[in-house]
Amino acid sequence: MKVVIVGGVAGGATAAARIRRLDEKAEIVVFERSGYISYANCGLPYYIGDVIDAPSELTLQTPATFFARFRVKMKVRHEVTAIHPERKTVSVKNLTTGEEFEESYDKLILSPGAKPTQPQIPGVNIDKVFTLRTVEDTFRIKDYINRNRPKSAILVGGGFIGLELAENLRELGMDITIVESLGQMMSPFDADMASFIHSEVRRNGVKLALRSMVEGFAEKDGGIEVLLKNKAPLHADMVILAVGVTPDTAIAKEAGLKLGIRGSIVVNERMETSIPDIYAAGDAVQVKHYVTGDDALISLAGPANKQGRIIADNICGGDSRYMGSQGSSIIKVFDMTAAATGINETNAVKSGLDADSVILSPMSHAGYYPGGKVMTMKVTFEKGTYRLLGAQIVGYEGVDKRIDVLATAIHAGLKATELKDLDLAYAPPFSSAKDPVNMAGFMIDNIAKGTLKQWHLADAEKLPRDGSVTLLDTRTVWEYSRGHIEGFVNIPVDELRERLNEIDPTKPVYVICQSGLRSYIATRILEGNGIEAYNFSGGFRFYDAVMNDRALIKKAAPCGMDD
């Protein structure tokens with residue numbers, strides 16, 4: 001059996017190694033148009049920022065080491081230019097010599113990945129405008145920085161690459177501005193949770209130009225201007241485009257393979273394409289979202305590796321299935337960590353799901369043990385069924401642990417109420433006896449049983465101020481004096497029982513505190529005395545962070561682009 005693989009890195013290299021482990025006799029040839037067959041794609045921004053200082057650390061394998069271990073022919077600087085399914089060959093061009101030839105196959109694996117999305121706007125080809133996707137891109141950017149010592153950079157795009165580059169370029173002492181057309185960075189997060197990311201970025205001196213549409217680039221005064229719609233241009237020494245990626249599937253289209261979202265390759269659960277004996281994996285393929293079942297593009301290394309392994313199993317006589325992508329991700333944001341899994345509440349609603357969320361602010365470990373830090377968690381579930389849909393966490397220590405537990409719970413099909421039953425490891429330096437994941441489960445279980453009724457940020461402006469409802473802040477007098485929502489009266493929770501005569505029992509009460517715990521206790525006191533009560537999800541700490549962020553975004557928004 002002869003297997004030809006188009007593209008290395010996560011999907012292609014994984015498939016090649018797995019095929020060899022399953023079939024010692026198979027002939028395996030990999031064509032990779034770049035100079036690197038397997039590299040740490042996610043590590044590229046950290047090389048630019050000198051966190052990773054040796055270029056060799058970026059390359060996980062070389063053609064020589066891969067051949068020595070697996071006897072796989074790795075042909076770098078070779079581009080597959082066409083697929084001929086009718087005769088089971090591919091056309092290949094040696095990019096070093098210019099030689100062109102055809103290579104036959106019994107099984108063909110496509111792992112071409114994706115290319116940086118490059119908007120069709122004036123000036124995009126100026127030599128001070130860069131994209132980051134490959135090792136070669138990384139070296140070009142790093143070489144430009146070393147030679148020119150730029151003092152400023154504009155990053156177009158507020159996703160993973162843009163955010164990681166912002167941190168690393170800032171660490172080099174550069175003045176950084178992120179330009180993003182949306183009203184938030186990091187679309188896997190709801191806008192309210194993204195507020196904490198924005199705050200950390202700003203705290204570290206990075207300027208944000210959200211709701212700013214780039215219309216072009218122009219060289220000026222030895223640097224480059226970024227032309228914005230309805231706003232004055234921004235000037236910097238260099239620009240890096242990080243506006244996402246597009247499946248690199250031109251040869252698949254020409255060969256007649258069925259394509260899906262944004263030209264991605266359609267595959268079934270076995271990763272088979274619409275043409276027999278051709279498989280596909282990685283950023284170029286359309287997958288099913290594990291939570292919604294909808295078609296999706298999810299460009300992450302974890303799914304690509306799994307897909308490559310599944311293809312290898314099936315080529316070698318097995319029957320492995322890809323169950324879909326869940327979108328679990330995590331990112332370092334200066335001193336902060338942000339992570340997400342499943343779908344956020346915004347996308348759940350867009351998908352037609354009747355979704356609700358709990359928001360909590362637990363400590364990373366036991367409060368009495370030194371060094372604990374607050375994290376903010378948002379866990380989203382389906383009303384009625386309590387199906388777990390997704391989770392987002394921003395914080396410091398322990399974020400990675402909790403998001404992985406929640407990702408596992410989603411994959412296992414646990415209900416959100418069952419999070420309370422998980423038996424999780426506890427010692428004071430690592431967690432609390434009631435782990436944050438358990439706490440989310442307790443809250444959702446309380447909702448299911450009617451013990452907890454919530455009101456949310458979206459309700460804040462709609463609450464009547466005409467006396468028809470009672471608005472109650474149960475923090476201390478000192479906390480209340482430092483900031484509160486207009487119209488809310490202050491009765492500290494520990495005084496509430498003695499001051500119930502100040503509450504009209506015929507009116508519903510909307511309660512808030514700093515994190516949501518004291519106000520929950522207050523609702524139980526009120527309900528126990530026959531008064532209808534609702535607890536604010538997230539607390540004033542959450543409310544204040546989101547509203548401050550919204551004010552900053554609105555203030556900076558160009559005319560005509562603020563809602």
Side-chain angles (χ1 to χ4, degrees), residues 1-44 47 54-84 88-115 133-139 248-249 251-252 265 271 277-285 301 304-316:
M1 176 176 65
K2 182 178 180 181
V3 182
V4 170
I5 301 175
V6 180
V9 199
T14 296
R18 176 70 171 169
I19 291 169
R20 174 58 72 229
R21 289 194 293 270
L22 298 176
D23 186 345
E24 183 63 20
K25 303 301 181 183
E27 182 183 356
I28 309 168
V29 182
V30 179
F31 294 111
E32 168 58 51
R33 67 181 164 205
S34 76
Y36 303 88
I37 55 134
S38 182
Y39 57 87
N41 191 290
C42 298
L44 301 182
Y47 174 75
S56 60
E57 294 294 319
L58 296 175
T59 53
L60 306 178
Q61 292 275 5
T62 66
T65 60
F66 211 94
F67 184 81
R69 179 157 296 177
F70 298 111
R71 294 300 189 268
V72 170
K73 298 175 185 175
M74 288 286 187
K75 302 289 188 179
V76 296
R77 302 284 299 155
H78 281 69
E79 181 176 11
V80 173
T81 57
I83 304 168
H84 311 290
K88 299 185 84 169
T89 65
V90 294
S91 295
V92 185
K93 182 176 182 179
N94 184 324
L95 298 178
T96 302
T97 66
E99 174 195 6
E100 297 185 24
F101 59 93
E102 282 196 11
E103 188 84 16
S104 64
Y105 65 84
D106 297 311
K107 305 288 184 181
L108 177 65
I109 302 173
L110 302 179
S111 182
K115 55 189 176 183
R133 181 67 179 175
T134 66
V135 175
E136 287 92 344
D137 293 336
T138 308
F139 291 160
D248 194 357
T249 56
I251 60 170
I265 301 170
M271 306 308 298
D277 296 323
I278 301 180
Y279 300 76
D283 295 352
V285 304
N305 275 281
K306 296 180 185 72
Q307 293 159 11
R309 178 185 171 91
I310 287 167
I311 291 171
D313 286 352
N314 293 328
I315 282 177
C316 294

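Along the sequence shown, residues are numbered consecutively beginning with 1.
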For atom CZ of R69, decide whether the heavy atoms of other residues, nucleotides or ligands shown that lie under 6.0 angstrom number more than 12.
no
Applying side chain to side chain donor-acceptor pair (under 3.5 Å), can you list everything that pairs with R20, at least two apart in sequence or on another chain?
none
Backbone N or O of G8 within a donor-acceptor pair of the E32 side chain at under 3.5 Å?
yes
Indicate yes or no: does K73 engage E27 in a salt bridge with an N to O separation below 4.0 Å.
yes
Between atom CD of E136 and atom CG of L44, what is the distance when rounded to the nearest 0.5 Å?
10.0 Å
Are the side chains of T134 and Y36 in touch, meaning some heavy atoms are under 4.5 Å apart?
no
Using a 3.5 Å distance criterion without hydrogens, assess whether the side chain of K107 forms a donor-acceptor pair with backbone atoms of M1.
no
Just how far is it from atom OH of Y279 to atom CG of L110, taken to the nearest 0.5 Å?
12.0 Å
Just wondering, do F101 and V92 contact through their side chains at under 4.5 Å, heavy atoms?
yes
Is it the case that T81 and E79 place a side-chain donor and acceptor less than 3.5 Å from each other?
no
Tightest non-hydrogen contact, residues V30 and G7, listed as CG1-O, 4.0 Å
Locate the shortest heavy-atom distance separating C316 from D23; write the atom from each residue and the value.
SG-CB, 4.2 Å
Please lay out, stage by stage, how I109 and I315 fare under the test side-chain contact (heavy atoms from CB on, under 4.5 Å).
CA-CA 10 Å; I109 302 173; I315 282 177; 3.7 Å; yes
One should read off an interatomic distance between L108 CG and E103 CD, to the nearest 0.5 angstrom, of 11.0 Å
Under a 3.5 Å distance rule, please check whether K88 uses its side chain to pair with a backbone N or O of D106 as donor and acceptor.
yes
If you compare all heavy atoms of A13 against all heavy atoms of F66, which two are closest, and at what distance to 0.1 Å?
O-CZ, 3.6 Å
For A82 against I251, the heavy-atom pair lying closest together
N-CG2, 4.1 Å
From CG (D313) to CD1 (I19), nearest 0.5 Å
9.5 Å
Taking atom NE2 of H78 and atom CD of E100, what is their separation to the nearest 0.5 Å?
11.5 Å
Indicate the atoms forming the closest heavy-atom contact of T89 with Y105, along with that distance.
N-CE2, 3.4 Å
D248 with R133: basic N within carboxylate O range, under 4.0 Å
no
R71 charged N/C atom sitting above F67 aromatic ring, 6.0 Å / 45°
yes
Would you say that H84 contacts S91 through its side chain, given a criterion of any heavy-atom pair below 4.5 Å between the two side chains?
yes
Result block: side-chain N/O donor-acceptor pairs under 3.5 angstrom for residues 304-312, not counting sequence neighbours:
{"from": "N305", "atom 1": "OD1", "to": "T14", "atom 2": "OG1", "distance (Å)": "2.6"}
{"from": "N305", "atom 1": "ND2", "to": "A301", "atom 2": "O", "distance (Å)": "2.9"}
{"from": "Q307", "atom 1": "OE1", "to": "G282", "atom 2": "N", "distance (Å)": "2.7"}

Look up atom CD1 in I83 and atom CD1 in I278, then write down how far apart they are to the nearest 0.5 Å.
5.5 Å
